[in-house]
Amino acid sequence: MGRRKDLMARRKKIYEGKAKILYEGPEPGTIVQYFKDDATAFNAEKRDVIEGKGVLNNRLSEYFMSGLNDIGVPTHFIKRINMREQLVRSVEIIPLEVVVRNTAAGSISKRLGIAEGTALPRPIVEFYYKDDALGDPMVSEEHIIAFGWASQQDMDDMVALALRVNDFLSGIMMGVGIKLVDFKIEIGRIWEGDFMRLVVADEISPDCCRLWDAKTGQKLDKDVFRRDLGNLADAYTEVARRLGVLPENNVPRGKPTLIN
Ligand code: TMP
Ligand code: ASP
């Protein structure tokens with residue numbers, strides 16, 4: 001076993017999810033997020049291993065999270081460590097998936113009978129209770145406050161955070177000819193003494209966004225896997241290529257890149 005594998009084996013695993021593994025970080029209050037190649041959909045009914053997906057999502061999540069940090073939208077992201085791992089701050093995850101939609105697609109189209117691709121009159125923020133056994137049901141502010149998952153103040157802060165992320169991501173994507181249809185984020189609490197603040201956590205990657213080519217409508221996100229539309233790694237590589245974010249070993253030879 002090589003030295004790196006050895007180190008990884010000794011590191012304490014905190015949690016293994018569908019797409020990532022969390023390990024204890026080097027300092028108190030830190031965590032190492034390891035991005036796997038596993039892809040799942042429909043609550044893991046459909047699953048596959050997509051070679052290179054973890055590397056791409058690690059890079060892309062780094063790109064979006066550090067950009068958010070730079071404009072003053074707080075995230076858990078500290079730094080990328082290597083091809084598959086990043087160092088993040090340990091947070092207390094609020095058990096909600098926060099979805100923002102700009103264009104109808106997926107579950108809102110099904111639930112409300114709105115044709116996919118219809119522009120929504122304004123960004124719509126939705127909350128889903130994170131519980132795989134229940135299939136992540138949609139919940140309202142009433143449920144969230146009554147069951148104590150978040151306070152009224154948290155709700156206001158979460159909506160504000162989600163809309164700032166939406167403006168940031170929409171702008172970046174439109175700059176490279178991609179429409180941000182919708183996305184999901186997770187939000188965590190960080191305690192500093194008695195003071196608590198909310199930060200964007202988990203990951204931001206094509207696994208949790210819908211991204212359509214602005215001209216052709218071609219899907220460049222996990223729907224490629226969910227709906228069997230082609231090669232998922234190719235779609236994510238295209239997103240990374242347009243953003244100038246490519247893992248070192250995927251850089252096409254002889255082409256200039258924007259990696260710093
Ligand atoms: P939906 O249309 O299926 O409700 O999905 C809305 C957005 O949330 C879409 O960008 C995909 C993302 N999403 C996740 O990241 N994880 C999930 O478990 C689900 C259901 C959706
Ligand atoms: N992430 C969820 C699952 O694995 C659902 C999805 O993204 O479609 O199963």
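Note: hydrogens, waters and symmetry copies are ignored here, and every other heavy atom, side chains too, is used. Numbers here simply count residues along the sequence, with the first being 1. In this text, all values refer to a predicted model and were calculated from it rather than measured experimentally. Just so you know, ligand 1 is whichever comes first in the structure, and atom 1 is the first atom listed for that ligand.
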_Return the closest protein heavy atom for atom 14 (C) of ligand 1 as residue, atom name and distance._
K184 CE, 3.7 Å
*May I ask you to list the atoms of ligand 1 that are less than 4.0 angstrom from any heavy atom of G106?*
2 (O)
Anything under 3.5 Å between a donor and an acceptor, one on a side chain of residues 175-183, the other on a protein residue two or more places apart or in another chain? List them.
residue : atom : partner : partner atom : Å
D182    : OD1  : R210    : N            : 3.3
D182    : OD2  : R101    : NH1          : 3.4
D182    : OD2  : R210    : NH1          : 2.7

*Return yes when A105 approaches ligand 1 closer than 4.0 angstrom through a heavy atom, no otherwise.*
yes
*Heavy-atom nearest neighbour in the protein, as seen from atom 4 (O) of ligand 1, with distance rounded to 0.1 Å*: S107 OG, 2.6 Å
*Look at the rings of Y129 and W149 and say which category their plane angle falls in: under 30° parallel, 30 to 60° tilted, over 60° perpendicular.*
parallel
*Considering only heavy atoms of C209, which atoms of ligand 1 have at least one such atom less than 4.0 Å away?*
10 (O)
*Can a protein heavy atom be found under 4.0 Å away from atom 11 (C) of ligand 1?*
yes
*Within the distance-only criterion (no hydrogens, no angle test), does the side chain of D223 pair as donor or acceptor with the backbone N or O of R226 below 3.5 angstrom?*
no
*For R226, take its heavy atoms, then give the atoms of ligand 1 lying under 4.0 Å from any of them.*
11 (C)
*Is the shortest side-chain N to carboxylate O distance from E186 to K130 below 4.0 Å?*
yes
*Can you run down the side chain to side chain donor-acceptor pair (under 3.5 Å) pairs that involve residues 39-50, sequence neighbours left out, and say none if there aren't any?*
K46-D228
*Please work out whether any backbone atom (N, CA, C, O) or any side-chain heavy atom from C-beta onward of E203 is under 4.0 Å from ligand 1, and answer side chain, backbone, both or neither.*
neither
*Is S61 reaching over with its side chain to a backbone N or O of I204, donor-acceptor style, under 3.5 angstrom?*
yes
*How does K222 reach ligand 1, by side chain, by backbone, by both or by neither, if only non-hydrogen atoms under 4.0 Å count?*
neither
*So which residues, sorted by chain and number, lie with a heavy atom under 4.0 Å of ligand 2?*
K18, T40, A41, F42, N43, A44, K222, R226
*So, are R80 and E85 salt-bridged, with charged N and O less than 4.0 Å apart?*
no
*How about D154 and S151: does a side-chain donor come under 3.5 Å of a side-chain acceptor?*
yes
*Would a distance-only check, ignoring hydrogens and angles, find a side-chain to backbone donor-acceptor pair under 3.5 Å from E126 to V100?*
no
*Steps toward salt bridge (charged side-chain N to carboxylate O under 4.0 Å, His left out) verdict (D157, R197)*: CA-CA 9 Å; D157 293 348; R197 63 193 181 111; over 6 Å; no
*Non-hydrogen atom of E97 closer than 4.0 Å to ligand 1*: yes
_One residue to check: R101. Relative to ligand 1, which of side chain, backbone, both or neither has a non-hydrogen atom less than 4.0 Å away?_
side chain
*For D182, take its heavy atoms, then give the atoms of ligand 1 lying under 4.0 Å from any of them.*
6 (C), 7 (C), 9 (C), 10 (O)
*Any donor-acceptor pair under 3.5 Å linking the side chain of D221 with the backbone of P206?*
no
_Atoms of ligand 1 close to F183 [distance to a heavy atom under 4.0 angstrom, numbered from 1]_ = 10 (O)
_Please list the nearest protein heavy atom to atom 5 (O) of ligand 1 with its residue and the distance rounded to 0.1 Å._
R210 NH1, 3.5 Å
*With E142 via salt bridge (Lys or Arg N to Asp or Glu O under 4.0 Å) - residues at least two apart*: none
_Salt bridge check, K18 against E203: does any charged N sit closer than 4.0 Å to a carboxylate O?_
no
